[in-house]
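Before any comments, here is the structure.
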Amino acid sequence: MIGLYLSGTGNSKHCVEKFVQLLDENGRTFPIENPQVIEKIKNETDIVVGYPTQFSNAPLMVRDFIRNNSTIWEGKRIFCINTMGAFSGDGTGCTARLFKIYGATVTGGLQIKMPDSVCDSKLLKKTEEANKKIVKLADEKIEAWVAKIKSGKYPKEGLGFCDHIAGLFGQRLWFYGKTLKYSDKLKISDACVGCGLCVNECPMDNLVQQSGGKPVPQGKCTMCYRCISHCPAQAITLLGNRVVEQTTFEKFNVG
């Protein structure tokens with residue numbers, strides 16, 4: 001078994017790593033931007049795929065990854081995990097439907113609430129103690145479902161017709177235009193110190209460092225918030241106009 005993930009602040013990475021480790025002590029996990037990940041997929045049958053939900057949809061980078069490698073999914077057994085700040089609808093179903101088109105069997109879906117990772121919005125922000133409790137409950141949920149999976153019972157969260165309708169009408173239809181346009185909305189302020197950390201962090205190679213100056217976005221942002229979460233000058237924003245709180249999984253991990 002292998003686990004694949006897209007993770008900006010570490011939430012999805014943690015959930016996939018914990019799930020795979022508990023289910024298969026020999027299992028390994030990789031970010032989807034890893035250059036060797038395609039060969040890893042080809043050599044495995046059971047695959048766990050995890051990512052954050054964005055407006056009740058899978059991130060564009062994840063959907064493109066599945067489509068651009070459509071020939072490798074035939075005969076694979078896929079388990080989908082998505083993390084969310086509040087609401088997901090059919091967050092797992094968005095990739096499950098793609099995997100099925102390309103010949104994979106989707107064994108189950110798990111939707112896990114984690115601390116909000118949208119650094120430039122106050123909407124879902126909580127206290128540190130509340131976020132630690134969210135992480136604890138997430139771990140307990142993963143542990144409980146792994147125990148059930150070992151006895152043959154798989155969760156189907158986000159995979160049903162009602163979930164599809166909830167995701168579609170609850171968020172996706174209203175915010176689809178926003179997600180189409182956010183790829184060129186990344187903003188870097190004059191607070192940037194030119195350290196280049198964001199260039200190294202970006203999984204899309206969206207940022208190009210200018211000589212002696214701040215990085216320039218290339219219109220390929222996938223809204224993972226990795227650069228925004230790690231910028232030491234809090235100089236980067238996307239949906240909002242200022243950084244409210246930089247959040248990474250390590251900040252709230254009580255394990």
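Keep in mind that the numbers below use all heavy atoms, side chains included, and drop hydrogens, waters and symmetry copies. Owing to the predicted nature of the structure, the values given are computational and were not obtained by experimental measurement.
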Quiz item: Is it true that the side chains of S7 and Y51 contain a donor and an acceptor less than 3.5 Å apart?
Solution: no

Exercise. State whether a side-chain donor-acceptor pair under 3.5 Å links S88 with Q111.
Key: yes

I'd like to know whether [atom1] of [X] has more than 12 heavy-atom contacts from other residues, nucleotides or ligands below 6.0 angstrom.
| X | atom1 | result |
| --- | --- | --- |
| Q210 | CD | yes |
| D190 | CG | no |
| R28 | CZ | no |
| K187 | NZ | yes |

Self-check item: Sequence neighbours excluded - ring pair (Phe, Tyr, Trp, His ring centres under 6.0 Å) pairs with any residue from residues 9-41
Solution: H14-F249, F19-F79

Please tell me whether [X] and [Y] are part of a single hydrophobic cluster in this structure, the criterion being side-chain heavy atoms less than 4.5 Å apart.
| X | Y | result |
| --- | --- | --- |
| Y154 | V16 | yes |
| L238 | M84 | no |
| V199 | L186 | yes |
| I78 | I32 | yes |
| I66 | I101 | yes |

Exercise. Could you check K126, K122, K125 and say which one makes a side-chain hydrogen bond (donor to acceptor under 3.5 Å, both in side chains) with D116?
Key: K125

Exercise. Start with the C-alpha distance between V20 and I2, add both sets of side-chain angles, then the distance that settles side chain to side chain contact (heavy atoms under 4.5 Å, CB included), and finish with yes or no.
Key: CA-CA 7 Å; V20 170; I2 63 170; over 6 Å; no

Quiz item: Do D120 and Y225 pass the side chain to side chain donor-acceptor pair (under 3.5 Å) test, and can you show the C-alpha distance, the side-chain angles, and the key distance before you say yes or no?
Solution: CA-CA 9 Å; D120 51 359; Y225 269 78; 2.5 Å; yes

I'd like to check [X] versus [Y] (side-chain heavy atoms, cut-off strictly below 4.5 Å). Are they in contact?
| X | Y | answer |
| --- | --- | --- |
| R226 | L6 | yes |
| H230 | C198 | no |
| C202 | C227 | no |
| D205 | Q218 | no |
| T83 | T53 | no |
| D90 | R172 | yes |
| I38 | I72 | yes |
| L23 | K150 | yes |

Exercise. Report the C-alpha distance between M61 and E33 in whole Å, list the side-chain angles of each, state the deciding distance to 0.1 Å, and finish with yes or no for side chain to side chain contact (heavy atoms under 4.5 Å, CB included).
Key: CA-CA 9 Å; M61 183 177 175; E33 66 266 25; 4.0 Å; yes

Exercise. Would you please test K136 and E140 for side chain to side chain contact (heavy atoms under 4.5 Å, CB included) and show each step?
Key: CA-CA 6 Å; K136 184 175 183 293; E140 291 173 353; 2.6 Å; yes

Quiz prompt | Test side-chain contact (heavy atoms from CB on, under 4.5 Å) applied to P115 and T247, T9, V135, the passing residue | solution = V135

Self-check item: Candidate pair K251 and E245, rule salt bridge (charged side-chain N to carboxylate O under 4.0 Å, His left out), full reasoning
Solution: CA-CA 11 Å; K251 182 177 180 180; E245 180 187 17; 2.7 Å; yes

Quiz item: Nearest 0.5 Å, what's the SG-CZ distance between C119 and R242?
Solution: 12.5 Å

Quiz prompt | Spacing of CD1 belonging to I41 relative to CG belonging to N69, to within rounding of 0.5 Å | solution =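 The CD1 atom of I41 sits 6.5 Å away from the CG atom of N69.
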
Exercise. May I ask you to check if K76 and W73 form a cation-pi contact, with NZ or CZ under 6.0 angstrom from the six-membered ring centre and within 45° of the axis?
Key: no

Do you know which two heavy atoms are closest between [X] and [Y], and how far apart they sit?
| X | Y | answer |
| --- | --- | --- |
| G75 | T45 | O-CG2, 3.9 Å |
| W145 | E157 | NE1-OE2, 4.0 Å |
| C192 | A235 | N-CB, 3.4 Å |
| P52 | S12 | N-OG, 3.3 Å |

Self-check item: Derivation of the side chain to side chain contact (heavy atoms under 4.5 Å, CB included) call for I142 and C15
Solution: CA-CA 8 Å; I142 292 171; C15 291; 4.0 Å; yes

So, [X] and [Y], do they make that salt bridge, N to O below 4.0 Å?
| X | Y | result |
| --- | --- | --- |
| K133 | E129 | no |
| D64 | R67 | yes |
| K132 | E128 | yes |

